[in-house]
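First comes the structure, then the notes that go with it.
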Amino acid sequence: MWNPADLPLLSGRRILVTGGTAGLGYFACEQLAGAGAAVLLAARSEDRARRAIAAIRSRYPDADVTFQPLDLADLASVRAAATTIAAGPPLSGLLANAGVVGSPERRTTADGFELQFGTNHLGHYALIALLLPALSTAGTRIVHLGSISHRWARLTPSSLQPSSYRNASAYATSKLAVMAFGFELGRRLRLTGSAATSVVAHPGLSLGMFTPDRPGVTTHREAPRWRQRVMEPIAQGKDDGAWPLVRATVDPDIPNGAYCGPDGWFQLRGRPALVPAKRHARESNAASRLIDLSADLTGIRLRFQ
């Protein structure tokens, strides 16, 4: 039985976490560093990263956490980060956690992609594709941040490049793209004999109102008591929501191509466990079309050898 409160000793492991300055990413960094891993915290803002690192060290004074500049909404930044990361010590884990939730009005990345698809999927696709030779050599565990919202999305040409914008649909499509890529990457890594593995994990319904405070870091969000009472049976804090991500990153018993999430009702909260994903998230033909589109849009192709 996996015990989130008693992680195995992770000394000697180097783990990259994208978006580690707040929320799920922060708590994943805190939990990994607290167990002895060397954590490479990748984020856009150096100031926010420094505050996150200070918060981790306030709890674990000897924590090995360093900052890596990375803006997933800018392919030039992704390329620069990949070059730096590949030149460093090998990664035992890459937790592709960072993501954005859009706004009522359509916004775009530096390269002109819709912000959620461009950041949540294309930015991580590009980073992983650029690092893939090094990840394969190192036998890195690659973890992709999924979402229960994938249940209501489909990967079709009209959803991936829609003629009109709807925020909720764009978010769900971006997370389904993340998951489909993660599952298909796992299949291709296995077929090519790569030592790397690819796993998808999701945090359930993790809310700021149930998340503990950390000094200098945006974690807790106040909410009326009545709302807390309503949500408490079906939601959890982002500290607990990070556990499936952490387990997927470091537990050797989680197999390539697996899906990790809370084991409770509707996967909304609970202990980190293997859980089912909707069948359309594992549809190989749709995922292959997505990868081809991603390669065309970014100019970066997957290389397994």
Side-chain angles (χ1 to χ4, degrees), residues 1-7 17-35 41 43 45 48 51-52 54-56 58-60 95 97-104 116 120 143 145-153 166-172 174-175 178-179 200-249 259-278:
M1 177 68 72
W2 178 265
N3 183 1
D6 187 21
L7 281 178
V17 180
T18 68
T21 59
L24 296 165
Y26 168 80
F27 283 102
C29 289
E30 180 184 281
Q31 292 161 19
L32 292 165
L41 190 160
S45 168
R48 292 181 65 188
R51 285 188 275 125
I56 293 170
S58 72
R59 301 178 67 83
Y60 304 103
L95 175 51
N97 158 83
V100 296
V101 177
S103 61
Q116 294 173 100
N120 301 350
V143 179
L145 185 62
S147 167
I148 56 177
S149 68
H150 84 278
R151 300 166 182 174
W152 303 287
R166 290 180 59 243
N167 182 31
S169 295
Y171 177 77
S174 75
K175 298 310 286 186
V178 167
M179 294 178 62
V200 181
H202 81 92
L205 183 55
S206 299
L207 303 177
M209 70 176 77
F210 300 123
T211 304
D213 279 317
R214 292 294 185 266
V217 181
T218 303
T219 55
H220 180 75
R221 290 189 178 184
E222 293 294 338
R225 183 59 192 157
W226 67 265
R227 189 176 182 202
Q228 294 182 46
R229 287 196 298 268
V230 169
M231 299 303 296
E232 192 168 17
I234 60 170
Q236 59 190 2
K238 293 181 185 292
D239 52 335
D240 289 337
W243 282 120
L245 285 60
V246 170
R247 181 176 186 184
T249 304
Y259 187 40
C260 261
D263 65 356
W265 179 75
F266 213 58
Q267 300 176 26
L268 295 177
R269 59 173 291 166
R271 295 176 66 86
L274 294 178
V275 295
K278 290 298 183 181

- Item | Leu274 vs Cys260, side-chain contact (heavy atoms from CB on, under 4.5 Å): CA-CA, chis, key distance, verdict | CA-CA 5 Å; Leu274 294 178; Cys260 261; 4.2 Å; yes
Between Gly20 and Ala52 the two heavy atoms that sit nearest each other are O-CB, 3.9 Å
Here the gap from Tyr26 atom OH to Leu41 atom CG, rounded to the nearest 0.5 Å, amounts to 10.0 Å
In this structure, CD1 of Ile148 is separated from CG of Leu268 (nearest 0.5 Å) by 5.0 Å
_Atom CZ of Arg151: over 12 foreign heavy atoms under 6.0 Å_ = yes
Only pairs under 3.5 Å count here: list side-chain donor-acceptor contacts from residues 234-242, not counting sequence neighbours, and write none if there are none.
{"from": "Gln236", "atom 1": "OE1", "to": "Gly270", "atom 2": "N", "distance (Å)": "3.3"}
{"from": "Gln236", "atom 1": "NE2", "to": "Pro203", "atom 2": "O", "distance (Å)": "3.0"}
{"from": "Lys238", "atom 1": "NZ", "to": "Ser206", "atom 2": "O", "distance (Å)": "3.3"}

Nearest heavy-atom contact between Leu207 and Met231 is CD1-CE, 3.9 Å
- Decide yes or no on side-chain contact (heavy atoms from CB on, under 4.5 Å) for Ser45 and Thr21, but give the supporting numbers first. CA-CA 8 Å; Ser45 168; Thr21 59; 5.8 Å; no
For Pro104, is there any backbone N or O sitting under 3.5 Å from a side-chain donor or acceptor partner on Asn167? no
Between the CG atom in Leu145 and the CG atom in Asn120, the distance rounded to the nearest 0.5 Å is 8.5 Å
Notebook entry, point to check: Quick one: does Leu245's side chain get under 4.5 Å of Phe27's, heavy atoms only?
Noted result: no
Smallest heavy-atom separation, Ala28 atom then Val246 atom, equals CA-CG2, 3.9 Å
Between Pro272 and Trp2 the two heavy atoms that sit nearest each other are CG-CD1, 3.5 Å
Heavy-atom nearest pair, Arg247 first then Ala273, reads NH1-CA, 3.8 Å
Given side chains that start at C-beta, do those of Arg221 and Thr211 come closer than 4.5 Å, heavy atoms only?
-> no
Whether the side chain of Gln267 engages the backbone of Pro276 through a donor-acceptor N/O pair (distance < 3.5 Å, no angle test) should be reported.
yes
Sequence neighbours excluded, the answer for side-chain contact (heavy atoms from CB on, under 4.5 Å) partners of Ala168 is none
Are the side chain of Thr18 and the backbone of Ala98 linked by a donor-acceptor contact shorter than 3.5 Å?
yes
message: Quick check against the 3.5 Å criterion: does Arg214 have a side-chain atom that pairs as donor or acceptor with the backbone of Ala55?
response: no
Smallest heavy-atom separation, Ala201 atom then Ala248 atom, equals CB-CB, 3.9 Å
Pair His150, Val178 - check side-chain contact (heavy atoms from CB on, under 4.5 Å), show working. CA-CA 9 Å; His150 84 278; Val178 167; over 6 Å; no
Query raised in the report: Taking atom types as modelled, is there a side-chain donor on Arg166 or Ser169 under 3.5 Å from an acceptor on the other?
Result: yes
Query raised in the report: Under the 3.5 angstrom rule, does the side chain of Asp213 hit a backbone N or O of Thr219 as a donor-acceptor pair?
Result: no
Does NZ or CZ of Arg269 come closer than 6.0 Å to the centre of the six-membered ring of Phe210, within 45° of the ring's axis?
-> no
Partner of His202 under ring pair (Phe, Tyr, Trp, His ring centres under 6.0 Å), picked from Phe266, Tyr259, Trp243, is Tyr259
